[in-house]
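Okay, so here's the structure we're looking at.
None of these values were measured; they are calculated from a predicted model. First listed ligand is number 1; within each ligand, the first listed atom is number 1.
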Amino acid sequence: MTLTIPFDNSYARLPGAFYARQKPEPVGAPKLVAFNDDLARLMGIAPGEVEEMAQTFAGNAIPDGAQPLSQLYSGHQFGHYNPQLGDGRAVLLGETVGTDGIRRDIQLKGSGRTPFSRQGDGRAWLGPVLREYVISEAMHALGIPTTRALAAVETGEVVLREAPMPGAVLTRVAQSHLRVGTFQVFAARGDLASLKALTDYAISRHYPDAQGSMGLLKCVRDAQASLIAQWMSVGFIHGVMNTDNCSIAGETIDYGPCAFMDSYHPNTVYSSIDRMGRYAYANQPDIAVWNVAQLATALIQQMEDKQAAVEEATEIVHAMPDLLQEHWLTRFRAKIGLATAEEGDLQLISDLLTRMAQNQADFTNTFRALGSETARDQFTDPAAYDVWAETWQARTARETDPHATMHTANPAFIPRNHRVEQMIQAAVQGDYTPFQRLSAVLTAPYDDQPDYTDLTRPPADSEIVRATFCGT
Ligand code: AMP
Ligand code: MG
């Protein structure tokens, strides 16, 4: 028996140049370790028997109507163009249109080798699968556009990383898996027919009101500007903002070495492979602009009048930093309780951030507690907070309800690195209690949940996670 999934597969109807037909490789002893009931219902999938779901989300049983394929794309990795990437360890089963009318991809990640695997084994281990499950669902609950997690399965097989690790498959759900790199591959190859077909497809799937390829560029720019401002507002560091990890739909995608900051510093980097700090916290807005510029370069290839296209695309991309700044300011105003705008607000926010960086203040806890004793306790020198708070109070006196504004802008709970690591360690030992606890609290990150106060605590020195890994 396989699960009944109401597939309607638009990507599989595109020309063959876009993908390779590829079935997932079966695994030895699949065991369902997580299933997202709410998301399943939204997608029109009725949960089945546990064994049936384990077989389906491991890739052992292909549900009726699925048309499994691996997608082709390329991309700039750390600024260098790689002419062929593609789904090296993932298979798109197909799409469903949810009860909310939204079309979503269902993809198995860690499902075995594909024609795009290069040196890789096509597999994933349990750690990154649970990381992505927890963090992507937390992002969703925080209100930030993201791919989501439908299921996680242990494969019963071992994958070799630095050490033998338990294998796992994540079922990822996305509004699509179109990336900037999906456009780049056809542009770089000079395959203009495919580039044109892809442009039409992206417009009709994501931005039906967009006018032509420059209209699409504008929509992606706007979606990315809004997204990155939201990342900044919760201290999220993606870690691998390569163009193949930049979603056309504007969702956070490819949770590799991503992390939430504990103590605030703009130069924070966790990813072990980001040696130059290209993707450091404060660089994310600039990198997003760079990525959108790569999309512009790709889209231009199909335009008749190149000169005019270059001018239009340049104007679109050049407007992005200001857009980002506007989104950023709106988000950070809310974080300090401002629903109205005044001239000096940017200065006020920047001053707080500078003091936080100088005093190793915890990003999440400081904002959550602004105005209370707990906030000043975050600063190595609490007087640094007091000086700022005086100016801040004079400003918030002109606001109607600053605390209400702050409450919905400043989460109490984030998936802290040390908790994520502890959750993985436990799961590898067969204990899923920390995974369940973390998942539960993060469904309502803006609520005070007194039973979970321990999960608001920053890491002790011995718990600090200094580096995160791609998990590939
Ligand atoms: P990522 O860093 O996860 O965005 O992956 C970059 C590229 O490497 C993509 O083309 C992936 O499909 C590929 N890749 C990552 N891990 C593996 C793996 N274990 N086996 C095969 N390909 C992989
Ligand atoms: Mg990727």
Just checking, any donor-acceptor pair under 3.5 angstrom between side chains of N242 and Q77?
no
Non-hydrogen atom of R113 closer than 4.0 Å to ligand 1:
no
Exercise: do Q425 and Q429 side chains pair donor with acceptor under 3.5 Å
no
Would you check if there is a donor-acceptor pair between the side chains of Y133 and R131 at a distance under 3.5 Å?
no
N245 heavy atoms, cut-off 4.0 Å: which ligand 1 atoms fall inside?
4 (O)
Is the Mg ion (ligand 2) less than 2.8 Å from an N/O/S atom of N242, whether that atom is in the backbone or a side chain?
no
Is Q84 near ligand 1, meaning one of its heavy atoms is under 4.0 Å from it?
no
Stacked cation flag R179 on Y73, 6.0 angstrom / 45 deg:
yes
N or O pair under 3.5 Å between R89 and ligand 1:
yes
Closest to atom 7 (C) of ligand 1 by heavy-atom distance, out of R118, R179, Q119, is R118
Ligand 1 to L85 polar contact by distance, N or O atoms, under 3.5 Å
no
Check W125 against ligand 1 and report side chain, backbone, both or neither, counting heavy atoms closer than 4.0 Å.
neither
So if I count the atoms of ligand 1 from 1 in the order they appear, which ones are less than 4.0 Å from some heavy atom of G122?
18 (C), 19 (N), 20 (N), 21 (C)
Report yes or no: does a heavy atom of G86 sit under 4.0 Å from some atom of ligand 1?
yes
For W231, is the NZ or CZ atom of R331 found under 6.0 angstrom from the centre of its six-membered ring and inside 45 degrees of the ring axis?
no
Does a side chain donor of either S194 or D191 reach within less than 3.5 Å of an acceptor in the other side chain?
yes
Between the side chains of R161 and D121, is the shortest nitrogen-to-carboxylate-oxygen separation below 4.0 Å, so that they form an ion pair?
yes
With no hydrogens and no angle check, just 3.5 Å: does a side-chain donor-acceptor pair link Q71 and T182?
no
Examine Q77 against ligand 1 and note whether any of their N/O atoms are separated by less than 3.5 Å.
no
Purely on distance, is any nitrogen or oxygen of F116 under 3.5 Å from one on ligand 1?
no
CE (M241) and CG (D286) are apart, to the nearest 0.5 Å, by 9.5 Å
Are Y81 and S74 linked by a side-chain donor-acceptor pair shorter than 3.5 Å?
yes
Counting only heavy atoms, which portion of D244 has something under 4.0 Å from ligand 1: side chain, backbone, both, or neither?
side chain
For ligand 1, which atoms, with element, lie under 4.0 Å from some heavy atom of R161?
19 (N)
With atoms numbered from 1 as shown, which atoms in ligand 1 lie under 4.0 angstrom from a non-hydrogen atom of R123?
19 (N)
If you measure only the distance, is there a donor-acceptor pair under 3.5 Å linking the side chains of H206 and S176?
yes
Among N, O or S atoms, D254 approaches the Mg ion (ligand 2) most closely through OD2
Mark the output for V240 as yes if a heavy-atom distance to ligand 1 is under 4.0 Å, and as no if none is.
no
